[in-house]
Amino acid sequence: MIVAVAVAVTGGGGTDDKPPTDSTGRSPSPSLSLPSELPSLPSGLPSLPSGFPSVVPSLPSDLPSGLVPSDLESFLPSLADDEVPYYMLREGDCFDTDDGLPGQAVKRSCAKPHDAEVVKVAELDGTYPTNAALKAAASALCKGPLERKAADQAAGTVSETLVQYPDTDGYRVGIDNVACSLAADGGKGATRKLTKPLK
């Protein structure tokens, strides 16, 4: 909720340049009174869709002006309803990948054929000057959880890991999530799919 209050103080329309005064000869000072209670929100407002993140990454406040365009949304690809940036995936989400849309995931039902399932969402912390450093850090965050989850699956269920992480530009503006996923098959031309949630 955003509350905006504007206060305007005007003179009494006199012709001299002296500030207006009250009956005691002092200049009045503006005063503002706010209601003690804010109005309650109407019931029946739509809620966020399930799986919608409760925290959305924000840009650091110390960015130089002009670095981030005011129409940032115009630079983002328009996504279908089931397409999300990888950093919005949550543990247990099932999705398809698209080589033509790197960094994007097409969410799917885990009960239907899908490429991969998110095992863990981790958060990068620290300084990473290169993409190679980010890749190494992301891989280290995912290694243990992916190995443990893969060991719990029936033989032949999963054969690939998928670690999605930001590049240095994304990390610099606050994207620090790493999606650690298991896939049935990987690479171009992959044909095998997962058909149910992982154990």
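Everything numeric in this text was worked out from a predicted model, so none of it was measured.
A distance of 10.0 Å separates CG of Leu182 from CD of Glu160, quoted to the nearest 0.5 Å. Remark: Asp96 CG to Leu194 CG distance equals 10.0 Å, nearest 0.5 Å. Between Tyr86 atom OH and Asn177 atom CG the span is 6.5 Å, to the nearest 0.5 Å. Here the OG1-OH distance, from Thr127 to Tyr171, works out to 6.5 Å after rounding to the nearest 0.5 Å. Considering CG of Asp152 and CG of Leu198, their distance stands at 9.5 Å, rounded to 0.5 Å. Between the CD atom of Gln164 and the OG atom of Ser181 there is a distance of 5.5 Å, given to the nearest 0.5 Å.
The hydrophobic cluster containing Val84 also contains Leu162, counting ILVMFWY residues as joined when their side-chain heavy atoms lie under 4.5 angstrom apart, directly or transitively. Both Val178 and Tyr128 are members of a single hydrophobic cluster when ILVMFWY side chains are connected at heavy-atom separations under 4.5 Å. Placement of Leu134 and Leu146 within a single hydrophobic cluster is found when ILVMFWY residues are connected by side-chain heavy-atom separations under 4.5 Å, directly or transitively. Taken together through direct or relayed side-chain contacts under 4.5 Å among Ile, Leu, Val, Met, Phe, Trp and Tyr, Leu141 and Tyr165 form part of one hydrophobic cluster. Under a hydrophobic-cluster definition in which Ile, Leu, Val, Met, Phe, Trp and Tyr are linked whenever side-chain heavy atoms come within less than 4.5 Å, directly or via other members, Leu124 and Val121 are assigned to different clusters.
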(Q) Please determine whether salt bridge (Lys or Arg N to Asp or Glu O under 4.0 Å) holds for the pair Asp169 and Arg172, giving the CA-CA distance in whole Å, both sets of side-chain angles, and the decisive distance to 0.1 Å. (A) CA-CA 5 Å; Asp169 291 333; Arg172 221 174 275 122; 2.9 Å; yes

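Among Val106, Asp115, Val118, the single residue meeting the side-chain contact (heavy atoms from CB on, under 4.5 Å) criterion with Phe95 is Val118.
Across all their heavy atoms, Lys149 and Lys199 have their closest contact at NZ-O, 2.7 Å.
Within the structure, disulfide (SG to SG under 2.5 Å) pairs that include any residue of residues 96-137 comprise Cys94-Cys110 (at least two apart or interchain).
Side-chain N or O atoms of Ser139 include one that pairs as donor or acceptor with a backbone N or O of Lys135 at under 3.5 Å.
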